[in-house]
Amino acid sequence: MKKTALIAALGLVSFGLFAQKNPAKLKKEDFKPGVELKTAADSASYAYGMILLSTAQKQLTNDYRKEALMAAFETAANGDTTRFTPEQANQIFSDYSKAAQIKAAASYKSDNQKFLEDNKKRPGVVTTASGLQYEIMKKGTGTVSPKATDKVEVHYHGTFPDGRIFDSSVNRGQTATFGLNQVISGWTEGLQYMHVGDKFKFFVPYNLAYGEQGRQGIKGFSTLIFEVELFKINP
């Protein structure tokens, strides 16, 4: 197993363990008959079997096939001839993983597009020519809007459409200051509609945010929602 795959497997050990009952609360008769774990190596081998199974279940999701997995494991463990060579097996699983990722990305993109299509029908939501959507949460007393070359001081709270938070200056308790030409294009455009004291909610499509590739903590094709309050403009 490649080092990266091993790390991924180890990271998923809790998935397998917490999917079961707490072993400390089980009685001897609760365990199915099997190999006795007499040594540390026995226990480590058993534990690693749990890790491998939970990894397979996680990576194959709905396509997980217990019979095929166990057949390959038993054949290889007995030293018998397997259906594929190691090279073929690696290629088959790599092709499957890539196809699954493409399918998942297409589904995620479609879900995000549907959210925006439904959202723009709500009263108070404005959709711009670029596809950016916004609604006014609070109007301030300012009369000047920032330009794309200005710096601004804001508070913001960023979530995904399902409500999960990915970034928030509000939660950190400290405002953020940055140049409007240094952020995602959805922000560069959206802040220019605001005045000091305004609070807007922006619905930013992926092409105005982090695109098809995404970034750490944000998947590609993600729609991002920001509540932004503008405090100061520094030309």
Side-chain angles (χ1 to χ4, degrees), residues 1-118 160-166 206 210-223:
M1 178 182 290
K2 293 182 179 180
K3 183 178 180 181
T4 53
L6 174 59
I7 293 174
L10 292 175
L12 289 168
V13 64
S14 59
F15 175 86
L17 294 178
F18 288 107
Q20 310 298 324
K21 296 180 180 178
N22 185 346
K25 296 182 180 180
L26 295 177
K27 300 176 182 179
K28 185 176 180 180
E29 55 267 26
D30 291 327
F31 292 97
K32 293 184 178 181
V35 65
E36 292 188 34
L37 307 180
K38 296 180 179 181
T39 68
D42 292 339
S43 295
S45 296
Y46 188 94
Y48 196 69
M50 293 175 61
I51 294 171
L52 291 176
L53 178 60
S54 65
T55 302
Q57 291 172 327
K58 183 71 173 180
Q59 293 187 349
L60 294 172
T61 58
N62 294 333
D63 292 334
Y64 167 68
R65 300 292 187 270
K66 175 183 175 181
E67 294 77 11
L69 177 70
M70 298 307 295
F73 195 87
E74 183 175 0
T75 300
N78 290 336
D80 297 331
T81 302
T82 54
R83 299 284 184 92
F84 311 121
T85 65
E87 293 76 18
Q88 288 173 326
N90 283 330
Q91 188 62 54
I92 288 170
F93 190 75
S94 176
D95 291 344
Y96 165 85
S97 296
K98 290 177 182 177
Q101 290 171 3
I102 292 172
K103 181 179 179 181
S107 177
Y108 185 68
K109 178 182 179 181
S110 177
D111 290 343
N112 278 262
Q113 288 178 326
K114 184 178 186 307
F115 168 80
L116 289 170
E117 285 297 317
D118 292 340
F160 297 110
D162 62 7
R164 287 179 296 121
I165 301 170
F166 60 84
Y206 76 91
Y210 295 104
E212 298 181 6
Q213 301 303 317
R215 52 165 285 184
Q216 185 176 5
I218 299 177
K219 296 196 297 186
F221 299 110
S222 289
T223 295

Check whether Ser54 reaches the backbone of Met50 with its side chain - one donor and one acceptor, N or O, closer than 3.5 Å. yes
Residues in side-chain hydrogen bond (donor to acceptor under 3.5 Å, both in side chains) contact with Glu74, at least two apart in sequence or another chain: none
If you round to the nearest 0.5 Å, how far is [atom2] of [Y] from [atom1] of [X]?
| X | Y | atom1 | atom2 | answer |
| --- | --- | --- | --- | --- |
| Tyr48 | Thr55 | OH | OG1 | 7.5 Å |
| Ile92 | Asp95 | CD1 | CG | 8.0 Å |
| Tyr96 | Gln91 | OH | CD | 15.5 Å |

Quick one about Asp42 and Thr39 (side-chain donor to acceptor, distance below 3.5 Å, no hydrogens or angles considered), yes or no? yes
Can you see which heavy atom on Arg83 is nearest to which on Gln88, and at what distance?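 Shortest heavy-atom contact: O-OE1, 4.3 Å.
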Would you please test Leu53 and Leu69 for side-chain contact (heavy atoms from CB on, under 4.5 Å) and show each step? CA-CA 9 Å; Leu53 178 60; Leu69 177 70; 3.8 Å; yes
I'd like to know whether Phe93 forms a side-chain contact (heavy atoms from CB on, under 4.5 Å) with Leu60, so could you lay out the CA-CA distance, the side-chain angles of the two residues, the decisive distance to 0.1 Å, and finally the verdict. CA-CA 10 Å; Phe93 190 75; Leu60 294 172; 3.9 Å; yes
Can you give each donor-acceptor pair under 3.5 Å made by side-chain atoms of residues 104-114, sequence neighbours left out, with the distance rounded to 0.1 Å?
{"from": "Tyr108", "atom 1": "OH", "to": "Ser222", "atom 2": "OG", "distance (Å)": "2.8"}
{"from": "Asn112", "atom 1": "OD1", "to": "Thr223", "atom 2": "N", "distance (Å)": "2.8"}
{"from": "Asn112", "atom 1": "OD1", "to": "Thr223", "atom 2": "OG1", "distance (Å)": "3.1"}
{"from": "Asn112", "atom 1": "ND2", "to": "Tyr108", "atom 2": "O", "distance (Å)": "2.8"}
{"from": "Lys114", "atom 1": "NZ", "to": "Asp118", "atom 2": "OD2", "distance (Å)": "2.8"}

How would you list, by chain and number, every residue that makes a ring-ring contact (aromatic ring centres under 6.0 Å, His included) with Phe160, sequence neighbours excluded? Phe166
